[in-house]
Amino acid sequence: MKKLVLCAVAILFYAGMARAQDEQPVNPEMQRQELVNLELENARAMKLHNTTFFKAAYSEDFHGVTRYGETVNKQGIIHEVETMTPEFDSVVSSDAQVRLFRDAAYVLSLRSEVGRADGKKFYNQFRVLRVYVNTPRGWRIVSQLETKLATDANR
């Protein structure tokens, strides 16, 4: 009986190891592209004042610093997007620099905004640093920091 139990345990152990070896390795280029796509979607959602993206992509324990230097949580970022007064002609995320660390990553990108606020045209640029964690439901944003870059006077 002991031999039978030991054989069963050994078979299960080796079957688990064989399955682990058969799993496809994580493709870092595919993960990098997924994170770049999330940055592009973030910019698009901001342009459209669409909170659906923010509700899905930001983790429940998200904490970040807004363009105004305010600390916010997930509900705060959603509220900010809902109540933004500027109308954007364009919001573009570019120059995404991605660093992967197993189930975590950060993306440093440049966000450029063109639009109108209070009847005046504006052009803003921000460096945005976002920290992502890969969950069973995909990449989630857990932290971000936005820094406004010096721009010429509003046009």
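Everything numeric here is computed off the predicted structure, so don't read it as measured data.
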When clusters are formed by joining ILVMFWY residues with side-chain heavy atoms under 4.5 Å apart, either directly or through shared neighbours, do Leu100 and Ile141 land in the same one? yes
Hydrophobic clusters join Ile, Leu, Val, Met, Phe, Trp and Tyr when side-chain heavy atoms are under 4.5 Å apart, directly or via other members; which others share one with Leu110? Leu149
In terms of hydrophobic clusters joined by side-chain contacts under 4.5 Å, are Leu35 and Leu108 together? no
Rounded to the nearest 0.5 Å, the CD1 atom of Ile77 sits from the NE2 atom of His63 at a distance of 11.5 Å
Considering only heavy atoms from C-beta outward, does the side chain of Thr83 approach that of His49 to under 4.5 Å? no
For a 4.5 angstrom cut-off between non-hydrogen side-chain atoms, does Arg130 reach Val128? yes
Rounding to 0.5 Å, atoms OG (Ser94) and CD (Gln125) come to a distance of 7.5 Å
Correct closest heavy-atom pair for Val92 and Ala43 would be C-CB, 4.3 Å
Is there a side-chain contact between Val142 and Asp61 in this structure, where contact means two heavy atoms from C-beta onward sitting under 4.5 Å apart? yes
Could you grab the distance from atom CD of Gln33 to atom CG of Asn37, nearest 0.5 Å is fine? 4.5 Å
For Lys74, what residues pass the side chain to side chain donor-acceptor pair (under 3.5 Å) criterion, not counting sequence neighbours? Glu60
Roughly how far, to the nearest 0.5 Å, is the CG atom of Leu129 from the OH atom of Tyr106? 7.5 Å
For Glu29, what residues pass the salt bridge (Lys or Arg N to Asp or Glu O under 4.0 Å) criterion, not counting sequence neighbours? Arg32
Do you know which of Glu41, Met46, Arg44 makes side-chain contact (heavy atoms from CB on, under 4.5 Å) with Phe53? Glu41
Relative to each other, are the rings of Phe62 and Tyr58 parallel, tilted or perpendicular (30° and 60° limits)? perpendicular
Does the side chain to side chain contact (heavy atoms under 4.5 Å, CB included) test come out yes or no for Ser112 and Tyr123, once each step is laid out? CA-CA 7 Å; Ser112 303; Tyr123 173 77; 4.1 Å; yes
Is any side-chain heavy atom of Arg116 closer than 4.5 Å to a side-chain heavy atom of Phe88? no
Validation row: Glu80, Thr66 side chains within 4.5 angstrom (heavy atoms): yes
Considering only heavy atoms from C-beta outward, does the side chain of Lys148 approach that of Asn124 to under 4.5 Å? yes
Under the ring-ring contact (aromatic ring centres under 6.0 Å, His included) test, which residues partner His79, sequence neighbours left out? none
Heavy-atom side-chain proximity of Val114 to Phe122 below 4.5 angstrom: no
Between Thr135 (side chain only) and Gly138 (backbone N and O only), is there a donor and an acceptor less than 3.5 Å apart? yes
Polar side-chain atom of Arg137 near backbone of Asn134 as donor-acceptor pair, under 3.5 Å: no
When you check the side-chain N and O atoms of Glu39 and Tyr132, is any donor under 3.5 Å from an acceptor? yes
To the closest 0.5 Å, what do you measure between OG (Ser109) and CG (Leu38)? 11.5 Å
Who are the salt bridge (Lys or Arg N to Asp or Glu O under 4.0 Å) partners of Glu146, not counting sequence neighbours? Arg111
Test salt bridge (Lys or Arg N to Asp or Glu O under 4.0 Å) applied to Glu113 and Lys47, step by step: CA-CA 8 Å; Glu113 303 173 349; Lys47 176 183 188 267; over 6 Å; no
Could you work out, with salt bridge (Lys or Arg N to Asp or Glu O under 4.0 Å) as the rule, every residue matching Arg127, not counting sequence neighbours? Asp95
Any Val72 side-chain heavy atom under 4.5 Å of Val65 side chain: no
